[in-house]
Amino acid sequence: MNDPKSKSEDEEHVAPTNFIHKIIEEDIAAGKNDGRVHTRFPPEPNGYLHIGHAKSICLNFGLAEQFGGKCNLRFDDTNPVKEEEEFVHSIREDVKWLGFDWADREFYASDYFGQLYEWAIKLIKDGKAYVEDLSADEIREYRGTLSEPGKNSPHRDRPVEENLDLFARMKKGEFPDGAKVLRAKIDMASPNLNFRDPVLYRILHAEHHRTGGEWCIYPMYDWAHGQSDSIEGITHSICTLEFEDHRPLYDWCLDTLGVYHPRQYEFARLNITYTVLSKRKLLQLVTEKIVNGWDDPRMPTISGFRRRGFTAAAIRDFCDRIGVARANSTVDLALLEFCLREELNKTAPRVMAVLKPLKIVLTNYPEDQVEQLEAENNPEQPEAGSRQIPFSRELYIEQEDFMEDPPKKFFRLAPGKEVRLKHAYIIKCEEVVKNDAGEITELRCVYIPETKSGQANAGMKVKGTLHWVSAPHAYETQVRLYDNLFSEIEPDKIEIPGSLNPNSLEVLADCKLEPSLKDAKAGDRFQFLRMGYFIADVKDSQPGAPIFNRTTPLRDTWAKVQKKG
Ligand code: ATP
Ligand code: MG
């Protein structure tokens with residue numbers, strides 16, 4: 001990894017446990033695999049990658065890096081019905097963006113279709129697989145349950161020659177989808193349901209994104225995965241917990257074939273509060289146009305987080321902090337935002353932007369005068385220097401920074417009250433102007449010339465400092481604010497749309513930004529003082545006309561959670 005992780009010393013956390021790291025250390029000490037470490041990240045190209053995948057990517061590529069090993073990118077493309085080239089491209093882009101490199105080791109399960117077929121024939125010849133005519137429903141019925149053993153299929157004892165013939169004809173396309181499958185012959189009474197003659201091949205007359213019309217039978221996950229690992233010389237095959245019950249079958253296939261045998265390890269998948277990580281539901285959000293595509297900034301996809309303004313370093317830092325365990329748990333979304341703020345606080349230039357403007361006229365400021373005031377770019381980074389911002393008679397402040405009838409502890413602007421304008425002067429509100437409907441349209445204020453920023457407060461006590469933008473110089477643009485896409489803390493438990501937050505997107509059409517922001521390039525990140533971190537949207541920004549997305553507010557809920565806890 002090139003860029004250093006942004007962790008200040010006082011925030012340095014205790015290294016979280018990663019039990020797989022320990023296993024590999026022991027394996028190396030014991031001289032297993034000649035000290036080789038070779039992992040793989042095996043996405044199915046049937047959707048965009050999400051933050052859960054990021055955990056798996058960081059784990060697999062991270063372990064390879066830590067032990068001087070290798071990690072392959074392997075597309076697990078065994079289901080032509082759901083897989084598309086678009087997803088392959090997005091997966092490549094996302095893994096790269098996260099900062100990982102698979103060099104020339106981009107593989108596809110479909111690369112091995114020929115070998116997997118040959119191995120299936122070997123299994124048939126050894127009397128360990130048979131062609132099944134029962135329907136999917138009948139197979140399920142015959143399988144039994146956890147408390148009852150299964151029944152042997154009437155086709156289980158077909159002679160080898162007949163199996164070979166039928167399997168060859170399945171491959172030739174003589175049978176329609178679902179008419180037959182190839183099953184391993186293991187044990188219909190096994191307490192592990194995966195051992196009750198699992199299906200290895202099914203018929204699917206469908207165009208495959210890579211092999212086209214070459215095949216009409218496709219291997220199941222259990223037949224493809226371990227053998228692909230074996231072919232690639234994987235040493236540690238790391239997957240999520242739901243595959244634990246498949247491990248005996250993983251081992252059975254490799255042992256029965258007598259080929260190189262990698263080891264499978266399972267870890268708990270990532271769950272995050274207020275976040276859906278089910279591919280089915282993410283696809284539903286996209287196809288039902290509940291969001292604007294896979295990279296909608298509210299999506300928990302890697303491309304969504306990227307467009308929202310999250311950095312790869314923050315996501316890697318997050319994956320580091322959550323650790324790798326075997327017990328399922330749910331991580332607070334606020335931790336991810338905390339990691340992000342940690343980084344952006346150090347790197348994002350500070351600027352001023354008024355999102356919901358309220359006009360102010362400084363009645364004692366000369367009409368045609370414009371002052372250029374000095375504003376530091378980043379107090380955390382003195383070398384970032386400063387810039388000039390224009391100040392004039394007409395300004396905008398945030399609507400919420402004024403109250404006509406404020407409560408006691410309101411330290412912002414109110415009639416007769418004073419505040420400091422950041423980088424500028426102290427002002428005092430003298431008059432509230434309203435329209436016929438009684439809405440406030442403008443404030444009339446005076447500025448105190450002796451209180452220019454950097455000088456003394458002229459003996460005045462002000463508690464509040466507001467951001468502002470000079471009205472005639474403002475860059476007007478659209479800014480989008482986001483909230484959780486789901487209002488349920490565990491949205492995976494409720495079907496869409498029941499779990500949706502109706503206020504997840506707020507589009508502000510009439511924001512007033514300091515003029516320097518007109519030149520922001522797509523993808524540039526900023527801290528809008530007091531309002532949060534923002535990014536110039538990479539899709540909708542035009543040169544000289546950027547549009548901004550709020551990445552995250554400044555409020556740090558994680559720190560609060562930590563304190564309370
Ligand atoms: P599918 O139901 O389509 O298999 P999947 O989420 O398992 O969905 P894959 O493309 O198969 O998607 O996942 C690729 C890799 O990422 C797998 O090794 C999988 O275990 C891992 N992975 C997926 N979701 C998570 C998650 N939430 N946390 C950690 N790892 C995950
Ligand atoms: Mg999967």
Side-chain angles (χ1 to χ4, degrees), residues 40-50 53 72-95 102 104-121 123-124 129 131-137 139 164-184 198-229 231-232 253 278-289 293-295 301-303:
R40 84 287 170 266
F41 172 64
E44 183 179 351
N46 63 353
Y48 278 56
L49 297 181
H50 55 60
H53 293 116
N72 297 354
L73 176 60
R74 182 198 315 141
F75 291 96
D76 197 354
D77 56 347
T78 52
N79 183 357
V81 182
K82 291 189 174 169
E83 293 156 8
E84 286 172 29
E85 203 55 25
E86 178 196 347
F87 299 137
V88 170
H89 288 292
S90 72
I91 289 169
R92 274 194 206 119
E93 189 186 351
D94 290 347
V95 176
W102 56 94
D104 56 352
R105 295 180 311 280
E106 177 173 312
F107 301 121
Y108 294 79
S110 56
D111 295 341
Y112 314 133
F113 281 172
Q115 175 69 77
L116 293 169
Y117 180 74
E118 293 304 319
W119 275 335
I121 288 176
L123 220 58
I124 295 173
V131 172
E132 173 67 276
D133 299 349
L134 294 182
S135 68
D137 284 342
I139 291 176
L164 285 173
D165 175 59
L166 287 172
F167 189 49
R169 288 167 57 197
M170 277 169 68
K171 177 174 182 277
K172 269 196 222 148
E174 288 188 20
F175 308 111
D177 290 4
K180 297 192 184 326
V181 292
L182 183 75
R183 299 178 75 173
V199 173
L200 305 181
Y201 268 93
R202 59 189 161 159
I203 301 172
L204 277 176
H205 291 272
E207 197 68 8
H208 186 280
H209 72 111
R210 296 194 86 226
T211 58
E214 191 184 344
W215 295 88
C216 64
I217 54 169
Y218 289 93
M220 303 299 289
Y221 173 90
D222 288 315
W223 186 246
H225 203 85
Q227 279 80 301
S228 303
D229 284 345
I231 292 168
E232 293 175 17
C253 292
S278 135
K279 269 194 194 166
R280 176 180 64 79
K281 285 192 177 169
L282 294 178
L283 181 66
Q284 187 187 352
L285 289 170
V286 174
T287 50
E288 292 181 12
K289 297 198 168 26
W294 288 96
D295 66 349
T301 51
I302 294 177
S303 50

Partners passing salt bridge (charged side-chain N to carboxylate O under 4.0 Å, His left out) against Asp229 (at least two apart in sequence or in another chain): Arg40, Arg74
Going by the rule salt bridge (charged side-chain N to carboxylate O under 4.0 Å, His left out), which residues pair with Glu174 if we only count those two or more places apart in sequence or in a different chain? Arg169
Run Arg183 and Ile139 through side-chain contact (heavy atoms from CB on, under 4.5 Å) and show every step you take. CA-CA 10 Å; Arg183 299 178 75 173; Ile139 291 176; 3.9 Å; yes
Given side chains that start at C-beta, do those of [X] and [Y] come closer than 4.5 Å, heavy atoms only?
{"X": "Lys171", "Y": "Tyr201", "result": "no"}
{"X": "Ser90", "Y": "Ile302", "result": "no"}
{"X": "Ile203", "Y": "Pro176", "result": "no"}
{"X": "Trp294", "Y": "Leu283", "result": "yes"}
{"X": "Leu282", "Y": "Tyr48", "result": "no"}
{"X": "Tyr112", "Y": "Gln227", "result": "no"}
{"X": "Glu44", "Y": "Tyr221", "result": "no"}
{"X": "Asp111", "Y": "Arg210", "result": "yes"}

Quick one: does [X]'s side chain have a donor or acceptor within less than 3.5 Å of a partner on [Y]'s backbone?
{"X": "Trp223", "Y": "Leu116", "result": "yes"}
{"X": "Glu84", "Y": "Glu86", "result": "no"}
{"X": "Asn72", "Y": "Arg105", "result": "no"}

Given the rule in the side-chain contact (heavy atoms from CB on, under 4.5 Å) test, do Phe167 and Leu123 qualify, once you have shown the distances and angles that lead to the verdict? CA-CA 12 Å; Phe167 189 49; Leu123 220 58; over 6 Å; no
List the steps, then state whether side-chain contact (heavy atoms from CB on, under 4.5 Å) holds for Asp77 with Val88. CA-CA 10 Å; Asp77 56 347; Val88 170; over 6 Å; no
Residue pair Leu204, Asn79: steps toward the side-chain contact (heavy atoms from CB on, under 4.5 Å) verdict: CA-CA 9 Å; Leu204 277 176; Asn79 183 357; 4.0 Å; yes
To the nearest 0.5 Å, how far apart are SG in Cys253 and NE2 in His225? 12.0 Å
Can we call the ring centroids of Phe87 and His209 under 6.0 Å apart? no
All heavy atoms of Leu182 vs all of Met170, minimum pair found to be N-CE, 4.0 Å
Closest non-hydrogen atom pair, Pro42 against Asp76: O-CB, 3.7 Å
N/O donor to acceptor pairs below 3.5 angstrom from side-chain atoms of residues 212-220, sequence neighbours left out:
unit_1: Tyr218; atom_1: OH; unit_2: Ala206; atom_2: O; d: 3.2
unit_1: Tyr218; atom_1: OH; unit_2: Trp215; atom_2: O; d: 3.1

Over 60° means perpendicular and under 30° means parallel, so classify the ring planes of Tyr108 and Phe75, tilted if in between. parallel
